[in-house]
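This chain uses plain numbering: 1 for the first residue, then up along the sequence. Only heavy atoms go into these numbers, but all of them, side chains included; no hydrogens, no water, no symmetry mates.
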Amino acid sequence: RKAWRADRPQVAQAFLYHANVLTAISTAKSRSPVLSFGFRVSDPSRRRQLVERWFSRRADRVVCVSKSVADFAINKVGIAPQKILVIPNGIQPKQPGSIKPADLTPLGIPKDAPTLTCVARLTQQKGVDRLIRAAPAIVGKLPDHHVLLVGDGPQRTELLELAAQLGISSHVHFAGWRPDIAELLRASRLLVLPSRWEGMPNVLLEAMACGLPVVCTRTDGVIEVLGPVSDEQTVPEGTPQAIAEKVVKLCADPGLRAHLGAANQQRVNQEFSIERMIAQYERLFEALANSADAI
C-alpha cells in the first residue's frame with residue numbers, strides 16, 4: 001500500500017452514533033479535517049436522528065452498511081444524498097470443516113439436542129423477548145429442540161423471568177458473552193435473529209459462513225445480505241407466532257435447511273469478504289485525502 005505522508009490531510013472515520021458525534025466535536029478545530037461518519041443501524045430514536053443530522057453537516061462522507069440504511073439516512077435522518085456511500089460489512093470466514101462444534105452440554109442442553117441459537121445483546125433492539133415468547137409454540141411442536149441465547153445485556157434478568165413465567169426455562173439457556181461464536185453456530189440447527197431494527201447484522205454473516213440457515217425479522221440490511229433466498233428465511237413482522245411458524249417449518253425440512261445453508265455460505269463468500277470491504281474503505285480514504293489536497 002502507498003505510504004501515508006505526514007503532510008497529507010488526516011482522515012477520521014467514525015462508526016455509530018456516539019463515535020460520530022465525538023469525532024465531529026474533536027476534529028472541529030483540526031487544520032485539515034476530512035471526516036467520514038459511519039451509519040451501521042437504522043436507529044428509530046428521533047433524538048439521535050436530529051443530533052446526527054446536525055453533526056453530519058461537518059462530515060465529508062457518510063458510510064452506510066446497506067442500501068436500506070442509506071435510504072433511512074436520507075429519508076429519516078435527513079443526510080444529503082451526495083454524501084452517502086454504501087460499504088457493506090465483510091468477514092473472514094473459516095472453512096466450516098475446520099471449526100469444531102462446541103459442546104453444549106455444560107450449558108444444560110442435552111447431548112445432540114437440536115439447538116436454535118440467537119447471538120445478540122440482551123436489549124430491546126435485538127428482540128430476544130420475541131424469541132422467548134415464540135419458544136412455547138416451538139417446543140410444543142418440537143419438544144426435543146432447545147433455544148440457546150448467547151450474549152448479555154440489561155434485559156437479562158427480565159428475560160430470565162419471562163422464560164420462567166412461560167414455563168420454558170428448561171428449554172431456554174442463557175450462555176452470556178462467549179468468544180467462540182463460530183463453534184456455537186456450528187453446533188446449532190438454525191440462527192434466529194428477531195431484531196426490532198438493524199442495519200446489517202454481522203452475526204447473520206457469521207451464521208451464513210458456517211453454512212447455517214437462519215430465521216430473521218425483515219429488518220434493514222437482512223434482505224440485502226440473504227439475497228435470492230431471503231423469503232424462505234425471514235418474517236415480515238417480529239410476532240412470536242410468525243417466528244415460531246418459520247422456525248418449525250425449517251426444522252421439519254432437512255432438505256430445505258441444507259439447501260438454504262449452502263446458498264447462504266456461497267453468497268457470503270462471494271459477496272461479503274473482508275478483502276472487498278477493506279478495498280472499498282481504502283478507495284474512500286484515498287479519495288477523501290486527494291480531495292482535501294486539492295483545496
Side-chain angles (χ1 to χ4, degrees), residues 40-42 64-69 86-102 104 114-121 125-128 131 145 147-151 175 178-195 197-236 238 243 246-247 249-251 253-280:
R40 307 180 71 79
V41 64
S42 298
C64 299
V65 292
S66 62
K67 185 180 183 303
S68 54
V69 170
V86 176
I87 300 180
N89 293 332
I91 63 169
Q92 185 68 64
K94 300 177 183 178
Q95 290 297 322
S98 69
I99 304 171
K100 183 179 179 181
L104 303 183
T115 302
L116 316 170
T117 297
C118 174
V119 181
R121 298 186 316 278
Q125 176 197 346
K126 295 299 183 176
V128 179
L131 176 54
H145 284 53
V147 175
L148 176 62
L149 305 177
V150 182
R178 297 274 300 222
D180 53 342
I181 300 303
E183 290 78 6
L184 292 170
L185 291 172
R186 284 283 291 158
S188 305
R189 178 157 290 185
L190 289 176
L191 172 79
V192 185
L193 192 63
S195 303
W197 67 90
E198 284 288 353
M200 185 183 180
N202 278 333
V203 70
L204 178 55
L205 297 178
E206 294 180 71
M208 293 168 69
C210 287
L212 273 190
V214 302
V215 172
C216 300
T217 45
R218 207 166 289 173
T219 49
D220 283 333
V222 167
I223 301 299
E224 293 170 59
V225 171
L226 290 172
V229 292
S230 62
D231 285 349
E232 294 96 327
Q233 301 179 90
T234 59
V235 292
I243 293 169
K246 185 70 74 171
V247 166
K249 178 181 179 180
L250 288 184
C251 287
D253 192 336
L256 179 58
R257 289 201 312 274
H259 165 70
L260 294 174
N264 287 346
Q265 187 177 63
Q266 181 180 33
R267 181 168 175 80
V268 78
N269 289 338
Q270 291 179 347
E271 302 293 334
F272 300 105
S273 70
I274 197 167
E275 291 83 7
R276 176 180 288 193
M277 181 189 74
I278 291 171
Q280 290 176 293

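Side-chain atoms of Asn264 come within 3.5 Å of backbone N or O of Leu212 as a donor-acceptor pair. Of the possible donor and acceptor atoms, none in the side chain of Gln233 sits under 3.5 Å from a partner among the backbone N and O of Leu260. The closest donor-acceptor contact from the side chain of Ser66 to the backbone of Gly199 lies under 3.5 Å.
Sorted by first and then second residue, the salt bridge (Lys or Arg N to Asp or Glu O under 4.0 Å) pairs involving residues 257-277 (not counting sequence neighbours) are Glu271-Arg276. Each salt bridge (Lys or Arg N to Asp or Glu O under 4.0 Å) pair with one or both residues in residues 197-209, not counting sequence neighbours, appears once here: Lys126-Glu198. Counting only residues at least two apart or on different chains, the side-chain hydrogen bond (donor to acceptor under 3.5 Å, both in side chains) pairs with a member in residues 210-219 are Arg218-Thr234.
Applying the side chain to side chain donor-acceptor pair (under 3.5 Å) criterion to Asp180, with sequence neighbours excluded, gives Arg178. Under the side chain to side chain donor-acceptor pair (under 3.5 Å) criterion, Asn202 pairs with Asn89, sequence neighbours left out. Evaluation of the side chain to side chain donor-acceptor pair (under 3.5 Å) rule for Glu183 yields no partner, not counting sequence neighbours. Checked against salt bridge (Lys or Arg N to Asp or Glu O under 4.0 Å), Lys249 has no partners two or more places apart in sequence or in another chain. With sequence neighbours excluded, the residues satisfying side-chain contact (heavy atoms from CB on, under 4.5 Å) with Val86 are Ala70, Pro88. Taking the side chain to side chain donor-acceptor pair (under 3.5 Å) definition, one finds that Gln125 meets it with Arg121, sequence neighbours left out. Considering only residues two or more places apart in sequence or on other chains, Ile274 meets the side-chain contact (heavy atoms from CB on, under 4.5 Å) condition with Gln92, Met277, Ile278.
Two residues are said to be in side-chain contact when any heavy atoms from C-beta on lie closer than 4.5 Å; Trp197 and Asp220 fail this criterion. No side-chain heavy atom of Met200 sits less than 4.5 Å from a side-chain heavy atom of Val69. Side-chain contact check for Pro201 versus Val222: some heavy-atom pair is nearer than 4.5 Å. Residues Val192 and Lys246 are not in side-chain contact: their nearest non-hydrogen atoms beyond the backbone lie 4.5 Å or more apart. Contact check for Ser68 versus Ser42: no side-chain heavy atoms found under the 4.5 Å cut-off. Under the 4.5 Å side-chain criterion, counting only non-hydrogen atoms from C-beta, Leu131 is in contact with Leu149.
Closest approach of Ala102 and Leu184 over heavy atoms only: CB-CD2, 3.8 Å. Residues Pro194 and Gly127 approach most closely at CG-O, 3.1 Å, considering heavy atoms. Between Val128 and Cys118, the closest heavy-atom pair is CG2-SG, 4.2 Å.
The OG atom of Ser188 sits 6.0 Å away from the CG atom of Leu148 when rounded to the nearest 0.5 Å. With values rounded to the nearest 0.5 angstrom, Cys251 atom SG is found 5.0 Å from Leu116 atom CG. One distance of note links CG of Asp231 with CD1 of Ile223; it measures 6.5 Å at 0.5 Å rounding. How far CG of Asp253 is from CD of Glu232: 10.5 Å, rounded to the nearest 0.5 Å.
Each of Val214, Leu191, Val150 was scored for a side-chain contact (heavy atoms from CB on, under 4.5 Å) with Val203, with one residue passing: Leu191.
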Practice task
Assess whether side-chain contact (heavy atoms from CB on, under 4.5 Å) is satisfied between Arg189 and Leu250, documenting all intermediate values.
Solution key: CA-CA 9 Å; Arg189 178 157 290 185; Leu250 288 184; over 6 Å; no
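With hydrogens and angles left out, the side-chain atoms of Thr117 and Thr115 include no donor and acceptor closer than 3.5 Å.
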